[in-house]
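Report on the following structure.
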Amino acid sequence: MAQYSIGQVEQLTGIKAYILRYWEEVIPCFSPRKDTGGHRIYSQREVDIIRRLNFLINNQGYTIDGARKKVIQETEISDRKATGLFSLRKSRAQLHDLYLEIEAYKKANPRQQDTEKSNEQG
């Protein structure tokens, strides 16, 4: 997983470090973790949020408050979709495991399967 220092984020996004620190204060879904030395470590998700904020403010004419609300809304929607996708993948894995158990049972009990087939035909 990519991790960036505040200087790297400043170079990647063109947003000054003092603005990044301000955004941390006013935007709840945006808070980089700090390492043992107290230096900010930004994830790729946070860099994406910074780029989105920059676009909304500088290209779309949003105020910082409007951009904050928009990013929070988008983040909540994205998180809900990710949660739903995770649940779907978990259910699919459980179904796959169940299928494998059934197939293993069939292989371990071939006579019972033959009996069931003859009952269906007769």
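No more than 12 heavy-atom neighbours from other residues, nucleotides or ligands sit within 6.0 angstrom of OH on Tyr22.
By the side-chain hydrogen bond (donor to acceptor under 3.5 Å, both in side chains) test, Asn59 pairs with no residue at all, sequence neighbours left out. Residues passing the side-chain hydrogen bond (donor to acceptor under 3.5 Å, both in side chains) test with Tyr62, sequence neighbours excluded: none. Partners of Arg21 according to the side-chain hydrogen bond (donor to acceptor under 3.5 Å, both in side chains) rule, which considers only residues two or more places apart in sequence or in another chain, do not exist here. Every residue was checked against the side-chain hydrogen bond (donor to acceptor under 3.5 Å, both in side chains) condition with Gln11, not counting sequence neighbours, and none meets it. By the side chain to side chain contact (heavy atoms under 4.5 Å, CB included) test, Ile19 pairs with Ile15, Lys16, Trp23, sequence neighbours left out.
Pairs engaging residues 35-59 under the salt bridge (Lys or Arg N to Asp or Glu O under 4.0 Å) rule: Glu24-Arg40, Arg45-Asp79, Arg52-Glu74 [sequence neighbours left out]. Listed by first and then second residue, the salt bridge (Lys or Arg N to Asp or Glu O under 4.0 Å) pairs that reach into residues 94-105 are Glu103-Lys106, sequence neighbours excluded.
Both Tyr18 and Leu12 are assigned to one and the same hydrophobic cluster, defined by single-linkage of ILVMFWY side chains at heavy-atom distances under 4.5 Å. Residues Ile57 and Val71 fall within the same hydrophobic cluster, defined by Ile, Leu, Val, Met, Phe, Trp and Tyr side chains chained together at heavy-atom separations under 4.5 Å. By the criterion of side-chain heavy atoms lying less than 4.5 angstrom apart, applied directly or through intervening Ile, Leu, Val, Met, Phe, Trp or Tyr residues, Tyr105 is not grouped with Leu95; the two fall into different hydrophobic clusters. Residue Ile6 is grouped with residue Val26 when hydrophobic side chains (ILVMFWY) are merged at heavy-atom distances under 4.5 angstrom, including chains of intermediate members.
Hydrophobic clustering, defined by side-chain heavy atoms of Ile, Leu, Val, Met, Phe, Trp and Tyr closer than 4.5 Å, groups Leu98 together with Ile102. Residue Tyr99 is found in a hydrophobic cluster whose other members, listed by chain and number, are Leu100; membership requires side-chain heavy atoms under 4.5 Å apart, directly or through intermediates.
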Taking distance alone, no hydrogens or angles, what donor-acceptor pairs closer than 3.5 Å link side-chain atoms of residues 84-92 to residues at least two apart or in another chain?
from, atom 1, to, atom 2, distance (Å)
Ser87, OG, Thr83, O, 3.2
Ser91, OG, Ser87, O, 3.1

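In this structure, CD1 in Ile50 is found 10.5 Å from CD in Glu10, a value given to the nearest 0.5 Å. Here the straight-line distance linking atom CD1 of Ile64 with atom CG of Leu53 works out to 6.0 Å at 0.5 Å rounding. To the nearest 0.5 Å, atom CD1 of residue Ile41 and atom OG1 of residue Thr36 are 9.0 Å apart. Between atom CD1 of residue Ile27 and atom CG of residue Asp65 there is a gap of 9.5 Å, rounded to the nearest 0.5 Å.
Val9 has its side chain within reach of Leu20: a pair of non-hydrogen atoms, C-beta onward, lies under 4.5 Å apart.
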